[in-house]
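Below: one structure, written as structure tokens.
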Amino acid sequence: MTQLGEIQQAILNGESAALGSLPVPESYRGVTVHADEVDMFEGLESRDKDPRKSLHVDEVAVPELGPGEALVAVMASAINYNTVWTSIFEPIPTFKFLKKYGKLSPLAKRHDLPYHVVGSDLSGVVLRTGVGVHNWKPGDEVVAHCLNVELESPDGHNDTMLDTEQRIWGFETNFGGLAEIALVKANQLMPKPDHLTWEEAASPGLVNSTAYRQLVSRNGADMKQGDVVLIWGASGGLGSYATQYALNGGAIPVCVVSSPEKAAICRKLGAELIIDRSAEGYKFWKNDTEQDPKEWQRFGAKIRELTGGEDPDIVFEHPGRETFGASVYAARKGGTIVTCASTSGYMHQYDNRYLWMNLKRIIGSHFANYRESWEANRLIAKGLIHPTLSKTYPLEETGQAALDVHRNAHQGKVGVLALAPQEGLGVRDEEKRAKHLDGINAFRGA
């Protein structure tokens with residue numbers, strides 16, 4: 001049996017405490033993009049770029065373990081849109097991030113390689129910890145959030161997302177979670193929710209924390225009870241958590257989806273006010289350069305029809321270019337548009353009169369700090385927020401999993417198994433799981 005096989009077997013046998021005495025292998029399998037292929041999609045439209053061609057499963061060297069870091073045996077991971085961006089080399093190849101990071105210090109130089117091990121989610125077991133790590137030890141079952149910070153300057157000590165050397169692990173750093181072993185900073189680690197399987201526990205990390213900061217945190221929209229919250233892509237990776245947070249926090253979600261099937265999922269979560277934008281036929285753009293304000297007005301009228309005449313207090317934005325003009329228009333006077341992404345394009349256009357004359361605010365929100373991530377994970381562990389995993393692929397089919405997300409052919413989150421040989425493993429509290437099974441499985445098979 002290989003060294004990695006021994007590690008896997010110890011975890012599957014419930015003998016994780018023995019991992020500290022098992023040797024760490026010299027190499028592992030990871031999902032990579034290659035620096036010499038960054039031009040492979042040149043001339044193609046974004047929608048025509050195929051992650052199955054650019055994402056590889058390679059045998060790569062285990063990186064050196066530095067102070068304050070941990071090596072984790074990855075049982076499962078998940079696909080986020082940043083992996084799609086990485087795989088199609090947009091808006092820039094991530095090797096530019098790695099090269100810049102590599103100049104920071106001799107230790108950071110490890111990340112500047114001709115291959116990039118991607119992925120910003122994981123669930124797994126700690127293999128080793130570096131010097132100065134006190135809260136975690138080999139054998140601990142963990143999940144990881146994706147904030148990588150240095151915290152050597154003063155900027156990040158009020159909010160670590162403002163650190164001058166803030167990066168997203170597995171996107172702007174190397175050795176990410178779509179692999180059998182991952183390298184993280186110890187302050188990325190959080191306890192694995194004990195009622196979830198490995199693949200379920202891996203799926204919330206990035207999107208759950210992002211939605212928490214964007215919607216709930218004072219650093220984001222600071223949502224309160226009774227707020228009307230317009231949620232774009234309400235059954236997707238981000239939106240599915242925003243919908244849960246709105247319902248859980250006493251707000252009133254207005255869920256925007258693109259099909260009856262996605263509308264059904266939102267209803268299953270407990271949402272009542274739903275707009276199927278495909279059925280309504282909204283076309284916010286007349287052509288590539290001109291938007292249609294009449295469509296904004298029609299959209300706003302639909303929202304008021306559903307809410308009894310109220311405009312949204314908060315607009316949960318992430319599609320970007322396609323929807324941003326409508327979002328700025330639709331928010332109520334004094335309302336907030338909070339944005340964390342631009343999956344349909346990042347060059348936004350909107351009519352500024354609706355912003356300044358109605359005293360609206362646009363807030364930029366990017367992932368979450370450690371405290372916000374911890375609170376979001378705590379809510380998962382308590383069964384108050386549930387994973388939205390719909391489908392899981394083996395590591396070898398990560399390209400197909402990324403293509404699903406790229407083409408929006410998915411619901412919720414798409415998971416990837418690493419060292420876990422099959423789905424359904426890793427549950428430690430069956431009694432708690434039984435109480436929340438309907439919520440856990442809400443997106444399964446969707």
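Sequential numbering from 1 along the given sequence is applied to the chain's residues. Hydrogens, waters and symmetry mates are skipped; everything else that's a heavy atom, side chains included, is used.
Contact annotation: the side chain of Val228 never approaches that of Asp311 to less than 4.5 Å [non-hydrogen atoms, C-beta and beyond]. You'll find the side chain of Val31 stays beyond 4.5 Å of the side chain of Val117, heavy atoms only. Taking the side chain as every heavy atom from C-beta outward, Lys413 and Pro387 never approach each other to under 4.5 Å. Lys302 places a side-chain heavy atom less than 4.5 Å from the side chain of Ile275. Contact check for His116 versus Phe95: side-chain heavy atoms found under the 4.5 Å cut-off.
Within 6.0 Å of the CG atom in Asp48, the count of heavy atoms belonging to other residues, nucleotides or ligands exceeds 12.
Taking the six-membered ring for Trp, His111 and Tyr101 have ring centres closer than 6.0 Å. Checked against the 6.0 Å centroid threshold, Phe324 and Trp285 do not count as a close aromatic pair. Tyr346 and His348 have their aromatic ring centers separated by at least 6.0 angstrom. Under the 6.0 Å cut-off for aromatic ring centres, Phe284 and Tyr282 qualify, their centroids lying closer than that. Between Tyr212 and Tyr245, the gap from one ring centroid to the other is short of 6.0 Å.
A donor and an acceptor atom, one from each side chain of Tyr115 and Asn174, are nowhere located under 3.5 Å apart. A donor and an acceptor atom, one from each side chain of Thr32 and His34, are located under 3.5 Å apart. A donor-acceptor contact closer than 3.5 angstrom links the side chains of Glu37 and His56. A donor and an acceptor atom, one from each side chain of Asn80 and Asp121, are located under 3.5 Å apart. In this model, a donor atom of one side chain and an acceptor atom of the other lie less than 3.5 Å apart for Thr336 and Arg361. Residues Thr94 and Trp85 have side chains that never bring a donor and an acceptor to within less than 3.5 angstrom of each other. In the model, Glu372 has a side-chain atom that pairs as donor or acceptor with a side-chain atom of Asn219 under 3.5 Å. Side-chain contact check for Asn13 and Gln9: at least one donor-acceptor pair (N or O, by modelled atom type) lies under 3.5 Å.
Within the structure, every pair that satisfies the salt bridge (Lys or Arg N to Asp or Glu O under 4.0 Å) test and touches residues 55-69, not counting sequence neighbours, is listed here: Glu69-Arg110. Contacts classified as salt bridge (Lys or Arg N to Asp or Glu O under 4.0 Å) and involving residues 17-34 (residues at least two apart or in different chains) are given here: Arg29-Glu180, Arg29-Glu396.
Residue Asn369 is tested with Asp163, Thr160, Asp159 for a side chain to side chain donor-acceptor pair (under 3.5 Å); the sole match is Asp159.
The pair Glu430-Lys435 fails the salt-bridge criterion, with no side-chain N (NZ, NE, NH1 or NH2) lying under 4.0 Å from an Asp/Glu carboxylate O.
Using the six-membered ring where Trp is involved, Phe41 and Phe89 have ring planes that are tilted, between 30° and 60° apart.
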